[in-house]
Amino acid sequence: MAAILFKWMLVSWMSWMHPFFVGVTEVQHNKADQTLEISIKLFIDDFERGLSAQYKTTVDLTNPKDPKQTDAWIFQYIQNNVHLKVNGKPVTFEYVGYEKEREAAWCYVQVSNIAEVKQLAIENTLLYNVLDQQIHIMHLNANGQRKSGKVMNPERQFSASF
């Protein structure tokens with residue numbers, strides 16, 4: 001029992017000393033609307049750090065000085081770091097927006113005119129420009145099926161067939 005307690009305390013201490021850098025990307029095919037709805041969740045402080053490094057200025061997602069400029073930076077950063085292929089063909093994102101949820105930011109993009117999904121392939125390098133330990137959990141949903149995977153920097157890609 002003491003050994004189990006010690007291991008639990010050691011893991012807790014190590015995770016405090018070495019925080020996890022995790023993002024979640026969810027791709028959902030909305031068959032009725034023929035869209036792919038993409039949600040990306042990142043910790044705000046990490047996301048601000050990535051945006052600030054990319055655009056060489058301080059970025060505040062909680063109280064942006066210029067919300068339109070902040071939206072433009074977010075969308076451009078997503079376009080530069082997330083690439084999606086549907087049935088083997090690259091697609092173009094449309095920016096929907098972002099919102100703050102406690103210590104996380106949710107970013108939303110979509111792809112229109114997607115009637116059928118047989119395969120999804122995603123490349124995600126968000127925050128790789130500032131975090132060597134970045135991990136991305138990716139959930140791909142189509143045709144009533146959910147396929148999930150994890151990529152860790154320097155890995156970039158996850159794909160699934162439906």
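Residue numbers run from 1 in the order of the sequence given.
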With a 4.5 Å cut-off on side-chain heavy atoms, are [Y] and [X] touching?
| X | Y | answer |
| --- | --- | --- |
| Glu26 | Asn141 | yes |
| Phe158 | Asn124 | no |
| Phe21 | Leu127 | no |

Would [X] end up clustered with [Y] when hydrophobic side chains under 4.5 Å apart are linked, directly or stepwise?
| X | Y | answer |
| --- | --- | --- |
| Trp106 | Ile122 | no |
| Ile38 | Val117 | yes |
| Leu126 | Phe43 | no |

Answer yes or no: is there a donor N or O on one side and an acceptor on the other, between the side chain of [X] and the main chain of [Y], under 3.5 Å?
| X | Y | result |
| --- | --- | --- |
| Ser159 | Leu120 | no |
| Ser148 | His139 | no |
| Asn30 | Thr35 | no |
| Glu48 | Asp45 | no |

OH/Tyr77: more than 12 non-hydrogen atoms of other groups inside 6.0 Å:
yes

Above 12 or not: heavy atoms from other molecules or residues under 6.0 Å from NZ of Lys85?
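It does not: Lys85 NZ has 12 such atoms or fewer within range.
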
Might you work through the side chain to side chain donor-acceptor pair (under 3.5 Å) test for Gln28 and Glu37, ending with a clear yes or no?
CA-CA 5 Å; Gln28 177 73 45; Glu37 301 164 345; over 6 Å; no

Check Tyr95, Tyr98, Tyr108, Phe93 against Phe75 for a ring-ring contact (aromatic ring centres under 6.0 Å, His included) and give me the one that passes.
Tyr95

